[in-house]
Peer 1: 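To start, I am sharing the structure in question, which I have written as C-alpha coordinates.
Order of listing sets the numbers, starting from 1, for every ligand and every atom in it. As the structure is a prediction and not an experimental result, all values here were calculated from the model. Positions are given from 1 along the sequence.
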Amino acid sequence: MILFKKAGDLNIHLQKLRSQNLKIGFVPTMGALHGGHVSLIERSKSEIDITVCSIYVNPLQFNNKKDFETYPLKPEADILLLEHTGCDILFHPTENQIYPDQDPMRSFDLGRLEQIFEGKFRPGHFQGVCLIVEKLLGLVKPNQLYLGQKDYQQTLVIKKLVQLMGMDIGVTVCPTFREESGLAMSSRNLRLNVAERELASELYKSLMKISKELFSRDIEALKDEAIARLESIGFKVEYLEIATTDGLQAVQKIEPKYSYIILIAAFLGSVRLIDNLMVTG
Ligand code: AMP
(Lines give C-alpha, C1' and ligand atoms only; values in the text may rest on other atoms or scores of the structure.)
Protein backbone atom coordinates (compact mmCIF):
# COMPACT_ATOMS: atom_id res chain seq x y z
CA MET A 1 0.00 0.00 0.00
CA ILE A 2 1.23 3.48 -0.80
CA LEU A 3 0.50 6.18 1.80
CA PHE A 4 0.08 9.78 0.65
CA LYS A 5 -0.16 12.72 3.01
CA LYS A 6 -0.03 15.43 0.33
CA ALA A 7 -2.83 16.02 -2.15
CA GLY A 8 -0.35 16.98 -4.89
CA ASP A 9 1.60 13.70 -4.59
CA LEU A 10 -1.60 11.66 -4.65
CA ASN A 11 -2.77 13.56 -7.70
CA ILE A 12 0.40 12.85 -9.68
CA HIS A 13 0.28 9.15 -8.80
CA LEU A 14 -3.40 8.79 -9.70
CA GLN A 15 -2.88 10.58 -13.00
CA LYS A 16 -0.29 7.96 -13.93
CA LEU A 17 -2.68 5.15 -13.06
CA ARG A 18 -5.51 6.76 -15.02
CA SER A 19 -3.25 7.16 -18.06
CA GLN A 20 -2.75 3.37 -17.93
CA ASN A 21 -6.54 3.08 -18.20
CA LEU A 22 -6.86 1.68 -14.68
CA LYS A 23 -10.21 2.24 -12.97
CA ILE A 24 -10.29 3.65 -9.48
CA GLY A 25 -12.56 2.69 -6.57
CA PHE A 26 -12.73 5.04 -3.60
CA VAL A 27 -13.67 4.46 0.05
CA PRO A 28 -13.70 7.71 2.08
CA THR A 29 -13.57 7.21 5.87
CA MET A 30 -12.88 8.99 9.13
CA GLY A 31 -10.63 6.19 10.38
CA ALA A 32 -10.86 4.06 13.54
CA LEU A 33 -11.45 1.38 10.93
CA HIS A 34 -13.57 -1.70 11.57
CA GLY A 35 -15.17 -4.57 9.68
CA GLY A 36 -17.69 -2.23 8.01
CA HIS A 37 -14.91 -0.22 6.38
CA VAL A 38 -13.07 -3.41 5.45
CA SER A 39 -16.20 -4.74 3.71
CA LEU A 40 -16.28 -1.61 1.52
CA ILE A 41 -12.60 -1.97 0.63
CA GLU A 42 -13.05 -5.66 -0.17
CA ARG A 43 -16.04 -4.86 -2.40
CA SER A 44 -14.00 -2.26 -4.26
CA LYS A 45 -11.05 -4.65 -4.61
CA SER A 46 -13.32 -7.35 -6.02
CA GLU A 47 -14.82 -5.02 -8.65
CA ILE A 48 -12.20 -2.53 -9.77
CA ASP A 49 -8.45 -2.17 -10.53
CA ILE A 50 -7.22 0.21 -7.84
CA THR A 51 -8.70 0.86 -4.40
CA VAL A 52 -8.07 4.18 -2.69
CA CYS A 53 -9.09 4.72 0.93
CA SER A 54 -8.96 8.09 2.66
CA ILE A 55 -8.80 8.75 6.37
CA TYR A 56 -9.69 12.23 7.48
CA VAL A 57 -11.74 13.29 10.49
CA ASN A 58 -13.53 16.25 8.97
CA PRO A 59 -14.16 18.90 11.65
CA LEU A 60 -16.78 20.66 9.50
CA GLN A 61 -19.25 17.79 9.64
CA PHE A 62 -19.43 17.68 13.43
CA ASN A 63 -22.30 19.78 14.73
CA ASN A 64 -21.24 18.78 18.25
CA LYS A 65 -17.74 19.91 19.33
CA LYS A 66 -17.47 17.25 22.03
CA ASP A 67 -18.23 14.52 19.48
CA PHE A 68 -15.35 15.78 17.32
CA GLU A 69 -12.96 16.04 20.26
CA THR A 70 -13.72 12.51 21.44
CA TYR A 71 -13.84 10.92 17.98
CA PRO A 72 -11.57 7.83 18.20
CA LEU A 73 -8.24 7.95 16.37
CA LYS A 74 -5.99 4.95 15.79
CA PRO A 75 -3.88 5.67 12.72
CA GLU A 76 -1.25 2.94 13.27
CA ALA A 77 -3.86 0.18 13.64
CA ASP A 78 -5.76 1.60 10.64
CA ILE A 79 -2.69 1.43 8.43
CA LEU A 80 -1.99 -2.18 9.45
CA LEU A 81 -5.60 -3.16 8.80
CA LEU A 82 -5.59 -1.50 5.37
CA GLU A 83 -2.35 -3.26 4.42
CA HIS A 84 -3.79 -6.55 5.58
CA THR A 85 -6.96 -5.94 3.54
CA GLY A 86 -4.89 -5.25 0.42
CA CYS A 87 -5.88 -1.63 -0.05
CA ASP A 88 -3.68 -0.09 -2.78
CA ILE A 89 -3.54 3.56 -1.72
CA LEU A 90 -4.22 5.43 1.50
CA PHE A 91 -4.70 9.19 1.48
CA HIS A 92 -4.16 10.42 5.02
CA PRO A 93 -3.94 14.21 4.76
CA THR A 94 -3.39 16.85 7.39
CA GLU A 95 -6.01 19.58 7.74
CA ASN A 96 -4.03 22.18 5.79
CA GLN A 97 -3.99 19.80 2.79
CA ILE A 98 -7.78 19.73 2.82
CA TYR A 99 -8.81 23.20 3.93
CA PRO A 100 -6.02 25.63 2.97
CA ASP A 101 -6.50 29.08 4.53
CA GLN A 102 -8.25 31.05 1.85
CA ASP A 103 -10.51 28.29 0.66
CA PRO A 104 -14.01 29.74 0.13
CA MET A 105 -16.82 27.94 1.92
CA ARG A 106 -19.38 26.60 -0.51
CA SER A 107 -22.96 25.72 0.14
CA PHE A 108 -24.82 22.86 -1.50
CA ASP A 109 -28.47 22.72 -2.44
CA LEU A 110 -29.55 19.46 -0.85
CA GLY A 111 -33.27 20.28 -0.73
CA ARG A 112 -35.38 18.55 1.90
CA LEU A 113 -32.70 15.89 2.55
CA GLU A 114 -31.06 18.49 4.74
CA GLN A 115 -34.19 19.18 6.79
CA ILE A 116 -35.15 15.66 7.81
CA PHE A 117 -33.75 12.99 10.14
CA GLU A 118 -29.94 13.42 10.34
CA GLY A 119 -30.22 16.81 8.62
CA LYS A 120 -32.75 18.03 11.19
CA PHE A 121 -30.97 16.72 14.28
CA ARG A 122 -27.45 17.57 13.11
CA PRO A 123 -27.70 21.07 11.60
CA GLY A 124 -24.88 21.76 9.16
CA HIS A 125 -23.72 18.13 9.18
CA PHE A 126 -24.50 17.35 5.54
CA GLN A 127 -23.02 20.65 4.32
CA GLY A 128 -19.81 19.59 6.09
CA VAL A 129 -20.01 16.12 4.54
CA CYS A 130 -20.45 17.65 1.07
CA LEU A 131 -17.50 20.01 1.53
CA ILE A 132 -15.10 17.18 2.31
CA VAL A 133 -16.53 14.69 -0.17
CA GLU A 134 -16.47 17.28 -2.97
CA LYS A 135 -12.79 17.93 -2.21
CA LEU A 136 -11.94 14.25 -2.08
CA LEU A 137 -13.87 13.40 -5.25
CA GLY A 138 -12.23 16.30 -7.10
CA LEU A 139 -8.86 14.96 -6.04
CA VAL A 140 -9.29 11.20 -6.43
CA LYS A 141 -11.68 11.39 -9.44
CA PRO A 142 -12.80 7.82 -8.83
CA ASN A 143 -14.82 5.76 -11.27
CA GLN A 144 -16.74 4.16 -8.43
CA LEU A 145 -17.49 5.30 -4.91
CA TYR A 146 -18.20 2.75 -2.16
CA LEU A 147 -20.45 3.82 0.71
CA GLY A 148 -22.17 2.01 3.57
CA GLN A 149 -25.93 1.61 3.97
CA LYS A 150 -25.37 2.22 7.69
CA ASP A 151 -25.37 5.94 6.80
CA TYR A 152 -28.30 5.65 4.41
CA GLN A 153 -29.29 9.32 4.30
CA GLN A 154 -25.64 10.19 3.66
CA THR A 155 -25.65 7.90 0.61
CA LEU A 156 -28.59 9.92 -0.80
CA VAL A 157 -26.81 13.19 -0.03
CA ILE A 158 -23.62 12.03 -1.73
CA LYS A 159 -25.51 10.75 -4.78
CA LYS A 160 -27.05 14.22 -5.01
CA LEU A 161 -23.60 15.83 -4.63
CA VAL A 162 -22.18 13.68 -7.43
CA GLN A 163 -25.10 14.85 -9.60
CA LEU A 164 -24.51 18.51 -8.64
CA MET A 165 -20.80 18.13 -9.46
CA GLY A 166 -21.70 16.63 -12.83
CA MET A 167 -19.04 13.94 -12.41
CA ASP A 168 -19.35 10.50 -13.95
CA ILE A 169 -18.95 8.49 -10.76
CA GLY A 170 -20.89 5.33 -9.92
CA VAL A 171 -22.07 4.90 -6.35
CA THR A 172 -22.24 1.46 -4.74
CA VAL A 173 -24.09 1.19 -1.44
CA CYS A 174 -22.78 -1.78 0.56
CA PRO A 175 -24.79 -3.64 3.23
CA THR A 176 -24.37 -2.70 6.87
CA PHE A 177 -21.73 -4.89 8.48
CA ARG A 178 -22.77 -6.02 11.96
CA GLU A 179 -21.29 -7.60 15.03
CA GLU A 180 -22.62 -11.03 15.97
CA SER A 181 -25.05 -9.34 18.36
CA GLY A 182 -26.55 -7.41 15.44
CA LEU A 183 -24.98 -4.10 16.49
CA ALA A 184 -23.99 -2.14 13.40
CA MET A 185 -20.23 -1.65 13.44
CA SER A 186 -19.27 1.96 14.02
CA SER A 187 -16.17 3.83 15.11
CA ARG A 188 -18.33 5.39 17.83
CA ASN A 189 -18.90 1.94 19.39
CA LEU A 190 -15.36 2.30 20.77
CA ARG A 191 -16.77 4.89 23.14
CA LEU A 192 -19.30 2.45 24.64
CA ASN A 193 -18.39 0.52 27.79
CA VAL A 194 -18.92 -3.25 27.89
CA ALA A 195 -22.45 -3.04 29.32
CA GLU A 196 -23.48 -0.30 26.88
CA ARG A 197 -22.10 -2.25 23.96
CA GLU A 198 -24.26 -5.21 24.84
CA LEU A 199 -27.28 -2.98 25.30
CA ALA A 200 -26.59 -1.23 21.98
CA SER A 201 -27.58 -4.36 20.04
CA GLU A 202 -31.17 -3.70 21.20
CA LEU A 203 -31.38 -1.05 18.47
CA TYR A 204 -31.05 -3.70 15.79
CA LYS A 205 -33.43 -6.02 17.62
CA SER A 206 -36.03 -3.26 17.63
CA LEU A 207 -35.56 -2.70 13.90
CA MET A 208 -35.98 -6.43 13.28
CA LYS A 209 -39.14 -6.59 15.38
CA ILE A 210 -40.67 -3.64 13.51
CA SER A 211 -39.73 -5.13 10.13
CA LYS A 212 -41.48 -8.39 10.99
CA GLU A 213 -44.69 -6.71 12.12
CA LEU A 214 -44.73 -3.80 9.69
CA PHE A 215 -47.22 -5.35 7.30
CA SER A 216 -49.66 -6.57 9.90
CA ARG A 217 -49.81 -3.79 12.50
CA ASP A 218 -50.43 -0.08 12.89
CA ILE A 219 -47.18 1.86 12.26
CA GLU A 220 -47.69 4.45 14.99
CA ALA A 221 -48.31 1.74 17.61
CA LEU A 222 -45.22 -0.17 16.48
CA LYS A 223 -43.03 2.94 16.69
CA ASP A 224 -44.43 3.99 20.08
CA GLU A 225 -43.87 0.53 21.52
CA ALA A 226 -40.29 0.35 20.25
CA ILE A 227 -39.44 3.85 21.55
CA ALA A 228 -40.98 3.11 24.95
CA ARG A 229 -39.06 -0.17 25.19
CA LEU A 230 -35.73 1.37 24.19
CA GLU A 231 -36.18 4.30 26.55
CA SER A 232 -37.08 1.95 29.41
CA ILE A 233 -33.66 0.26 29.05
CA GLY A 234 -31.64 3.46 28.88
CA PHE A 235 -31.75 4.86 25.32
CA LYS A 236 -32.81 8.37 24.48
CA VAL A 237 -34.42 8.06 21.05
CA GLU A 238 -34.08 11.07 18.71
CA TYR A 239 -36.15 9.63 15.90
CA LEU A 240 -37.61 6.34 14.78
CA GLU A 241 -39.39 6.48 11.42
CA ILE A 242 -40.48 4.37 8.52
CA ALA A 243 -39.77 6.11 5.23
CA THR A 244 -39.67 5.51 1.50
CA THR A 245 -36.22 4.41 0.33
CA ASP A 246 -35.92 6.88 -2.56
CA GLY A 247 -37.05 10.22 -1.13
CA LEU A 248 -37.07 9.40 2.61
CA GLN A 249 -40.72 10.43 2.94
CA ALA A 250 -42.03 9.28 6.32
CA VAL A 251 -45.10 7.07 5.83
CA GLN A 252 -48.11 6.18 8.00
CA LYS A 253 -49.26 3.33 5.79
CA ILE A 254 -47.41 0.51 4.06
CA GLU A 255 -48.16 -0.52 0.47
CA PRO A 256 -47.24 -3.97 -0.77
CA LYS A 257 -44.39 -4.22 -3.33
CA TYR A 258 -42.76 -0.94 -2.23
CA SER A 259 -39.45 -0.65 -0.39
CA TYR A 260 -39.22 1.12 2.93
CA ILE A 261 -36.49 1.90 5.36
CA ILE A 262 -36.80 1.91 9.14
CA LEU A 263 -34.47 4.59 10.48
CA ILE A 264 -33.37 5.12 14.04
CA ALA A 265 -31.06 7.50 15.92
CA ALA A 266 -30.64 7.19 19.67
CA PHE A 267 -28.25 8.17 22.41
CA LEU A 268 -26.79 5.64 24.78
CA GLY A 269 -25.13 7.78 27.43
CA SER A 270 -23.25 10.42 25.45
CA VAL A 271 -22.81 8.23 22.35
CA ARG A 272 -25.17 8.82 19.45
CA LEU A 273 -25.92 5.69 17.43
CA ILE A 274 -27.77 5.35 14.14
CA ASP A 275 -29.02 2.28 12.31
CA ASN A 276 -31.55 1.32 9.67
CA LEU A 277 -33.16 -1.66 8.03
CA MET A 278 -34.63 -1.95 4.56
CA VAL A 279 -37.93 -3.79 4.12
CA THR A 280 -39.77 -4.70 0.93
CA GLY A 281 -43.47 -5.37 0.96
P1 AMP B 1 -17.07 6.73 8.62
O2 AMP B 1 -15.63 6.38 8.83
O3 AMP B 1 -17.95 6.43 9.77
O4 AMP B 1 -17.24 8.11 8.03
O5 AMP B 1 -17.57 5.73 7.47
C6 AMP B 1 -16.93 5.63 6.23
C7 AMP B 1 -17.76 4.78 5.31
O8 AMP B 1 -17.93 3.49 5.90
C9 AMP B 1 -19.18 5.35 5.10
O10 AMP B 1 -19.57 5.12 3.75
C11 AMP B 1 -20.00 4.51 6.05
O12 AMP B 1 -21.37 4.41 5.68
C13 AMP B 1 -19.31 3.17 5.95
N14 AMP B 1 -19.61 2.36 7.13
C15 AMP B 1 -19.51 2.71 8.43
N16 AMP B 1 -19.92 1.71 9.24
C17 AMP B 1 -20.32 0.70 8.41
C18 AMP B 1 -20.86 -0.61 8.62
N19 AMP B 1 -21.08 -1.07 9.84
N20 AMP B 1 -21.15 -1.36 7.53
C21 AMP B 1 -20.92 -0.90 6.28
N22 AMP B 1 -20.42 0.33 6.02
C23 AMP B 1 -20.12 1.11 7.06
Peer 1: Salt bridge check: are Glu202 and Lys209 linked by an N-O gap of less than 4.0 Å?
Peer 2: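 No, no charged N to carboxylate O under 4.0 Å.
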Peer 1: By side chain to side chain contact (heavy atoms under 4.5 Å, CB included), which residues pair with Asp78, not counting sequence neighbours?
Peer 2: Leu33, Ile55, Lys74
Peer 1: Tell me every residue that passes side chain to side chain donor-acceptor pair (under 3.5 Å) with Arg18, counting only those two or more places apart in sequence or in another chain.
Peer 2: none
Peer 1: Quickly, which of Gln153, Gln61, Lys160 forms a side-chain contact (heavy atoms from CB on, under 4.5 Å) with Phe126? Name it, please.
Peer 2: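 So, applying the side-chain contact (heavy atoms from CB on, under 4.5 Å) to Phe126 and each of Gln153, Gln61, Lys160, only Gln153 qualifies.
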Peer 1: Show me, by chain and number, every protein residue that has a heavy-atom distance under 4.0 Å to ligand 1.
Peer 2: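 For ligand 1, the residues that come within the 4.0 Å heavy-atom cutoff are Pro28, Thr29, Met30, His34, Gly36, His37, Leu40, Tyr71, Leu147, Gly148, Lys150, Asp151, Pro175, Thr176, Phe177, Met185.
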Peer 1: By salt bridge (Lys or Arg N to Asp or Glu O under 4.0 Å), which residues pair with Arg197, not counting sequence neighbours?
Peer 2: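 Checked Arg197 against salt bridge (Lys or Arg N to Asp or Glu O under 4.0 Å); matches are Glu179.
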Peer 1: Start with the C-alpha gap between Arg191 and Asp67, add the side-chain angles, then the distance that decides, and say whether salt bridge (charged side-chain N to carboxylate O under 4.0 Å, His left out) holds.
Peer 2: CA-CA 10 Å; Arg191 289 174 48 207; Asp67 190 24; 3.1 Å; yes
